[in-house]
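Each chain gets a letter, A, B and so on, in the order its sequence line appears, and its residues count up from 1.
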2 protein chains.
Amino acid sequence: MATRTDAPTRREQILKEAARLFAERGFHGVGVDEIGAAVGISGPGLYRHFAGKDAMLAELLVGISGQLLTGAKRRLADADGVTPEAVLDSLIEGHIDFALDDRPLIILHDRELDRLRDSDRKLVRQLQRQYVELWVEVVREVYPGLTEPTARSAVHSVFGLLNSTPHLGRPGSLPGRGATAELLHRMARGAFAAAGAE
Amino acid sequence: MATRTDAPTRREQILKEAARLFAERGFHGVGVDEIGAAVGISGPGLYRHFAGKDAMLAELLVGISGQLLTGAKRRLADADGVTPEAVLDSLIEGHIDFALDDRPLIILHDRELDRLRDSDRKLVRQLQRQYVELWVEVVREVYPGLTEPTARSAVHSVFGLLNSTPHLGRPGSLPGRGATAELLHRMARGAFAAAGAE
DNA sequence: CAGAGAGGTTAGCGCTCGTTAACCTGAAGG
DNA sequence: CCTTCAGGTTAACGAGCGCTAACCTCTCTG
């Protein structure tokens, strides 16, 4: 996968700034003029790139859910012949990378879902559900004693743990990205282990 | 502590419904008319009880933070001569009770803080910080190997885990309140233990 | 029984917001 | 060189919002 070297398109600029603003002050708390100003154009100019404010949020949320799911599927495919433990570690690692590198998106992801149009919301929910089920299967391979509902609750709880990074203070106050990632990883494994030891 | 048997006051009705609506659709997503309708009066009638919509949110958030902190302090005071482990268990239990019984408030608590006036926000932040520090101290007694920043990160992460209950589906789909509480408790302890075993 | 105050009502003001309309401009292309 | 069109601009509209004003009506209480 080649890393992009070309400049971001205007659409991408807008999405990035919109994500940041939505995460900071909520979907309804941000005006289109502000989003425009953040990329150097003014309010209505956005409508050359998006059908409306709703469309920006929809594209963001669908994008996030899709990325998470795609990444997890790839990790699962890459892990042929390795232990379930290693697969789970890979999933955790991927989620942590996402949570640490795209904090605004992680915030939006479970905060503004209800502001979507019905069809978009259904799509996002479906992607999220697939992502969860994928985790549930792996977790149950590692901890066969877990019933499916219990495993699902455990997965949701660990997501809560991993997604807590936005509350960990501004990026500077952390003990360093690597250490934080490692701490989160250990805690996630510890939480699963405790759930599995009924 | 006598459990209340008298009917809730109008103010309390309003706060409860406002909390539910704010949690469902966000502070900016709910109109005063809706809040009024939820308690059987119409929009402007609310202003006989609150100075404005902001005041409702402020009272809710200050109330939550204060309740959490007060409860934790009481638990700490009650635990004289017991092991640090037992104190930590008591804190976890209290937080879980809150998360399971007052889900709308838990959602508001870390989602709408930025909509407050400066002075109110500072107050809430201060109460939250005290609550966190209280946990940090207890956690470090149980796991002396943890540095303070690491312990604080761990505490925030466990809050994320415990506060994930809103994502666990509607109250009916859970494996039962008792089982859920027990699962969350075990996972929280497991996460701390993993954090402490550097 | 008069008067006051608590707790409602409806009408409407002023502001903000998302969106559209109409217009402008610079670069590409036959 | 004229046309086209992508990508901007400003003006303005219509809806919805929080909130106030003005008024009404019970229920106490001196």
Residue list, ring pair (Phe, Tyr, Trp, His ring centres under 6.0 Å) with B/Phe159, at least two apart or on another chain: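 Once residues adjacent in sequence are excluded, the partners of B/Phe159 under the ring pair (Phe, Tyr, Trp, His ring centres under 6.0 Å) criterion are B/His95, B/Tyr131, B/Trp135.
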
Starting at [atom1] of [X] and ending at [atom2] of [N], how long is that distance when rounded to a whole Å?
| X | N | atom1 | atom2 | answer |
| --- | --- | --- | --- | --- |
| A/Asp33 | D/dA12 | CG | P | 16 Å |
| B/Tyr47 | C/dT10 | OH | P | 16 Å |
| B/Phe22 | D/dC17 | CZ | P | 13 Å |
| B/Leu46 | C/dA6 | CG | P | 18 Å |
| B/His28 | D/dG18 | NE2 | P | 10 Å |

Reckon B/Gly45 touches a base, only the sugar-phosphate, or nothing at all at heavy-atom distances under 4.0 Å?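 The answer is base, as B/Gly45 lies within the cut-off (heavy atoms under 4.0 Å) of a base atom.
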
Please work out if B/Val30 contacts a base, only the sugar-phosphate, or nothing of the nucleic acid, heavy-atom cut-off 4.0 Å.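 The residue B/Val30 makes sugar-phosphate contact but no base contact.
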
All N/O pairs under 3.5 Å across the protein-nucleotides 14-16 of chain C interface:
none

Looking at B/Asp80, I'd like to know if its CG atom is crowded, meaning that more than 12 non-hydrogen atoms belonging to other residues, nucleotides or ligands lie closer than 6.0 Å.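 Open.
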
A/Asp97/A/Arg177 salt bridge by N-O under 4.0 Å criterion: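 Salt bridge: yes.
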
Check this for me: does any side-chain nitrogen of one of B/Arg125 and B/Asp114 sit under 4.0 Å from a carboxylate oxygen of the other?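 Yes, charged N to carboxylate O under 4.0 Å.
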
Rounded distance [0.5 Å steps], CD1 in B/Ile14 versus CE in B/Met56: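 Atom-to-atom, B/Ile14:CD1 and B/Met56:CE are 6.5 Å apart.
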
For DNA chain D, what residues of residues 48-60 of chain A have any heavy atom nearer than 4.0 Å?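 Those residues whose heavy atoms fall under 4.0 Å from DNA chain D, taken from residues 48-60 of chain A in numerical order, are A/Arg48, A/His49.
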
Nearest nucleotide by nearest heavy atom, which residue falls closer to the 5' end of DNA chain D, B/Gly29 or A/Gly40?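 Going by which nucleotide is closer to the 5' end, it is A/Gly40.
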
B/Thr150 side chain vs B/Leu146 backbone, donor-acceptor pair below 3.5 Å: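 Pair absent, no side-chain N/O of B/Thr150 close to backbone of B/Leu146.
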
Is B/Lys53 reaching over with its side chain to a backbone N or O of B/Phe27, donor-acceptor style, under 3.5 angstrom?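 Judged by distance alone, yes, a pair lies under 3.5 Å.
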
Report yes or no: do A/Leu184 and B/Val136 belong to one cluster of Ile/Leu/Val/Met/Phe/Trp/Tyr joined by side chain heavy-atom distances under 4.5 Å?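 Shared cluster, yes.
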
Check each of A/Val142, A/Val138, A/Ile92, A/Asp78 against A/Val87 using the side chain to side chain contact (heavy atoms under 4.5 Å, CB included) test, and report the only one that passes.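 So, applying the side chain to side chain contact (heavy atoms under 4.5 Å, CB included) to A/Val87 and each of A/Val142, A/Val138, A/Ile92, A/Asp78, only A/Val138 qualifies.
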
If you only use heavy atoms from C-beta on, which nucleotide in C/dG8, C/dT10, D/dT9 is closest to the side chain of A/Ile41?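 So the nucleotide nearest the side chain must be D/dT9.
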
